[in-house]
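All values below were derived from every heavy atom in this structure, side-chain atoms included, with hydrogens, water molecules and symmetry-related copies excluded. Predicted model, so just to flag it, every value in this text is computed and none were measured. Just so you know, residue 1 is the first one in the sequence shown, and it goes up from there.
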Amino acid sequence: MRPTRILMIGAGRMAEAVLSGILKQRHPAIEKITLTNRQDRGRLDTLKERYGVHASSNWEEEVADHDVIFLASPPSTHDEILKRLGNIIDGQLVVTVAAGIDTTFMEERLPKGTPVCWIMPNTAAQIGESISTFTCGHHVNPEHRDMIAFILEAIGESAELSEQQVHDLTAVTGSAPAFVYAFVEAMEEAAVENGVTPEQARSLVTKMLSGSAAMLAAGHSPQDLRDQVASPGGSTAAGLEVLNERKYKEAIKAAVKATNAHARGE
C-alpha cells in the first residue's frame, strides 16, 4: 500500500471506530489522518486529543492534501457534501459508511472517473468485530482496493456484494444488532422478574447469547440447534409455539423490510 493520507468528514461513533481501528494497525503507509466536524467542536477536540490526529472544522480546505476522503456523516448530509466535494476533488478515493448512499448516488454527484466505495459496517466496529458489506464503483483500481481492504480489516470482517445486495442486506448486517439487543432486553427483563439481579440477568443472557453464536460459528445449522434444545412436547417447544402464534419470524422479516425501505428513502 502506497503512502496515504486520510480525511474523515464526520466525527461520530462510526468515524471513531474506524479511526481507532486504523491506528491500531500501525501501518507505516498511513502518513496522516485528519478528522473534521463542523457541528460539534468539543467532540472534535476530544478525539484529536484521544488519538493524536489532525483536526479541522473546514473539510473543504483539507481535501487537496489527502488521498482518501472518508464520509462518516449522516445520509441526509451527503447530497450537499458530494456536490461541494465535486468542485474540488481531483481523483481521490471517496468512501462512505452512510446507509442508503450507494456508489451510483456518489458517482452521479462527483466528477466522471472518481473512484468510490460504499461500506455498510455495524456498531461492532467499535471493538473490531463488525461484519461489513461493501461494493465498489466503476473506477476503483487494485491500488484503491488495497486501501479499502485495509479499512475493512481495521474494523472486522467483510463481504463484497453487488450494490443492490448491500441495499437489501442493510438490515441483516447493519441494523439487526438493534433487533438482537431488543431481544436481550426482553430476556433480561424476564430473568429479573424471576428473582435475579439486573447484573446476574445481564451475565446469564450474554453468556447464553455468546454460546449460541459460537455453536452457529462452529457450523451447526440453526434448525438443528433449535431441535436439539426443543424436544417434541417439551418446555422449550411450548415457548416456541407462543413465538409461532405471535408470528415471530414474520415480525423479524417485516422489520428487515421496513429498515431497508427507510434506508432507501421510501
Side-chain angles (χ1 to χ4, degrees), residues 1-98 101-103 105-119 121 125 132 134 136-155:
M1 192 167 72
R2 69 177 177 83
T4 302
R5 293 159 294 175
I6 302 172
L7 173 65
M8 304 186 77
I9 300 177
R13 291 181 182 176
M14 189 56 67
E16 182 177 6
V18 174
L19 173 63
S20 175
I22 289 174
L23 293 175
K24 285 178 182 176
Q25 303 280 41
R26 299 183 181 276
H27 200 293
I30 303 301
E31 290 187 338
K32 179 182 181 181
I33 299 177
T34 301
L35 191 63
T36 67
N37 183 36
R38 284 181 172 170
Q39 300 301 319
D40 189 344
R41 183 69 203 193
R43 168 72 174 170
L44 192 61
D45 291 339
T46 296
L47 296 183
K48 177 183 177 181
E49 181 177 347
R50 182 177 298 164
Y51 296 103
V53 296
H54 299 273
S56 172
S57 58
N58 190 335
W59 62 264
E60 289 166 288
E61 294 180 352
E62 304 290 340
V63 170
D65 191 42
H66 294 80
D67 311 290
V68 178
I69 314 301
F70 187 91
L71 306 181
S73 59
S76 60
T77 66
H78 273 56
D79 186 56
E80 179 184 355
I81 288 175
L82 289 168
K83 288 177 180 177
R84 289 161 63 182
L85 186 60
N87 294 322
I88 53 178
I89 200 169
D90 186 23
Q92 293 99 320
L93 170 65
V94 181
V95 179
T96 185
V97 290
I101 306 299
D102 56 33
T103 55
F105 184 95
M106 290 190 283
E107 288 177 343
E108 288 174 347
R109 289 159 178 79
L110 294 171
K112 186 176 180 179
T114 301
V116 299
C117 178
W118 178 30
I119 297 174
S132 305
F134 74 102
C136 296
H138 294 93
H139 309 290
V140 169
N141 63 33
E143 192 173 81
H144 298 137
R145 282 186 171 275
D146 287 343
M147 187 65 230
I148 292 166
F150 172 74
I151 293 172
L152 288 164
E153 289 168 6
I155 57 174

Trainee: Any sub-3.5 Å donor-acceptor pair from Thr46's side-chain atoms to Gly42's backbone N or O?
Mentor: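 Yes, because the side chain of Thr46 sits within donor-acceptor range (under 3.5 Å) of the backbone of Gly42.
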
Trainee: Donor-acceptor check, side chain of Gln92 to backbone of Val63, threshold 3.5 angstrom: yes or no?
Mentor: yes

Trainee: Please check if the side chain of Thr4 supplies one atom and the backbone of Arg2 the other of a donor-acceptor pair under 3.5 Å.
Mentor: yes

Trainee: Starting from the C-alpha separation in whole Å, work towards a yes-or-no answer on side chain to side chain contact (heavy atoms under 4.5 Å, CB included) for Glu153 and Gln25.
Mentor: CA-CA 9 Å; Glu153 289 168 6; Gln25 303 280 41; 4.1 Å; yes

Trainee: I need the Ile22 CD1 to Ile6 CD1 distance, nearest 0.5 Å.
Mentor: 4.0 Å

Trainee: More than 12 heavy atoms of other residues, nucleotides or ligands under 6.0 Å from CZ of Arg13: yes or no?
Mentor: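 Counting neighbours around CZ of Arg13, 12 or fewer heavy atoms of other residues, nucleotides or ligands fall under 6.0 Å, so no.
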
Trainee: Kindly say whether Met8 contributes a backbone atom to a donor-acceptor pair with the side chain of Thr36 at under 3.5 angstrom?
Mentor: yes

Trainee: In terms of heavy-atom contacts, does CG of Asn58 have more than 12 from other residues, nucleotides or ligands at under 6.0 Å?
Mentor: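 Above 12, so yes.
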
Trainee: Within the 4.5 Å heavy-atom criterion, are Leu47 and Asn37 side-chain neighbours or not?
Mentor: no

Trainee: Working to the nearest 0.5 angstrom, can you tell me the gap between Ile119 CD1 and Ile101 CD1?
Mentor: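 Nearest 0.5 Å value for the CD1-CD1 distance: 14.5 Å.
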
Trainee: If I take atom CH2 from residue Trp59 and atom CD1 from residue Ile69, how far apart are they, to the nearest 0.5 angstrom?
Mentor: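 Trp59 CH2 to Ile69 CD1: 8.5 Å, rounded to 0.5 Å.
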
Trainee: Quick one: does His139's side chain get under 4.5 Å of His144's, heavy atoms only?
Mentor: no

Trainee: What are the two closest non-hydrogen atoms of Leu44 and Ala55, and how far apart are they?
Mentor: CG-CB, 3.9 Å

Trainee: Can you give me the closest heavy-atom contact between Cys136 and Thr103, atom names plus distance?
Mentor: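 Smallest heavy-atom distance, with atoms named: C-CG2, 3.9 Å.
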
Trainee: Starting from the C-alpha separation in whole Å, work towards a yes-or-no answer on salt bridge (Lys or Arg N to Asp or Glu O under 4.0 Å) for Glu62 and Arg5.
Mentor: CA-CA 11 Å; Glu62 304 290 340; Arg5 293 159 294 175; over 6 Å; no

Trainee: For the pair Glu107 (side chain) and His138 (backbone), establish whether a donor and an acceptor sit closer than 3.5 Å, ignoring hydrogens and angles.
Mentor: yes

Trainee: Restricting to non-hydrogen atoms, name the atom on Val18 and the atom on Ile155 that form the minimum distance, rounded to 0.1 Å.
Mentor: CA-CG2, 3.9 Å

Trainee: Determine whether the aromatic ring centres of His27 and Phe150 lie less than 6.0 Å apart.
Mentor: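 Distance test on ring centres: under 6.0 Å, yes.
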
Trainee: What heavy-atom pair brings Ser73 and Ala98 nearest, and what distance separates the two atoms?
Mentor: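 Heavy-atom minimum between the residues: O-CB, 3.9 Å.
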
Trainee: Is there a side-chain contact between Glu60 and Asn87 (heavy atoms, below 4.5 Å)?
Mentor: no

Trainee: If we only count heavy atoms from C-beta on, is the Met1 to Ile30 side-chain gap below 4.5 Å?
Mentor: yes

Trainee: What are the two closest non-hydrogen atoms of Arg38 and Ser57, and how far apart are they?
Mentor: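 Heavy atoms of Arg38 and Ser57 come nearest at CG-O, 3.0 Å.
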
Trainee: Hey, what do you get for CG (Asp146) to CD (Glu143), rounding to the nearest 0.5 Å?
Mentor: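 If we round to the nearest 0.5 Å, Asp146:CG and Glu143:CD are 7.5 Å apart.
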
Trainee: If we only count heavy atoms from C-beta on, is the Phe105 to Leu82 side-chain gap below 4.5 Å?
Mentor: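 They are in side-chain contact.
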
Trainee: Looking only at atom types and distance, does a side-chain atom of Glu108 sit under 3.5 Å from a main-chain N or O of Met106, one as donor and one as acceptor?
Mentor: no

Trainee: Using a 4.5 Å cut-off on heavy atoms from C-beta on, say whether the side chain of Ile89 contacts that of Pro111.
Mentor: yes

Trainee: Can you tell me how far OG1 of Thr34 sits from NZ of Lys48, rounded to the nearest 0.5 angstrom?
Mentor: 10.0 Å

Trainee: Under 4.5 Å between any side-chain heavy atoms of Phe134 and Val95, yes or no?
Mentor: no

Trainee: Please confirm whether the backbone N or O of Val140 pairs with a side-chain atom of Arg145, one donor and one acceptor, at under 3.5 Å?
Mentor: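 Answer holds: no.
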
Trainee: For Trp118 and Gly137, indicate whether the former's side chain and the latter's backbone hold a donor-acceptor pair under 3.5 Å.
Mentor: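 Between the backbone of Gly137 and the side chain of Trp118 there is no qualifying donor-acceptor contact (under 3.5 Å).
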
Trainee: Any side-chain heavy atom of Ile33 sitting closer than 4.5 Å to one from Tyr51?
Mentor: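 Not in contact.
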
Trainee: First locate atom SG of Cys117, then atom CG of Leu71, and finally report the distance between them rounded to the nearest 0.5 Å.
Mentor: 11.0 Å

Trainee: Applying salt bridge (charged side-chain N to carboxylate O under 4.0 Å, His left out), can you list everything that pairs with Glu61, at least two apart in sequence or on another chain?
Mentor: none

Trainee: Quick one: closest heavy-atom pair of Ser132 and Leu152, and the distance?
Mentor: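 Heavy atoms of Ser132 and Leu152 come nearest at CB-CD2, 3.9 Å.
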
Trainee: Okay, side chain of Arg43, backbone of Ala11: is any donor-acceptor separation there less than 3.5 Å?
Mentor: yes

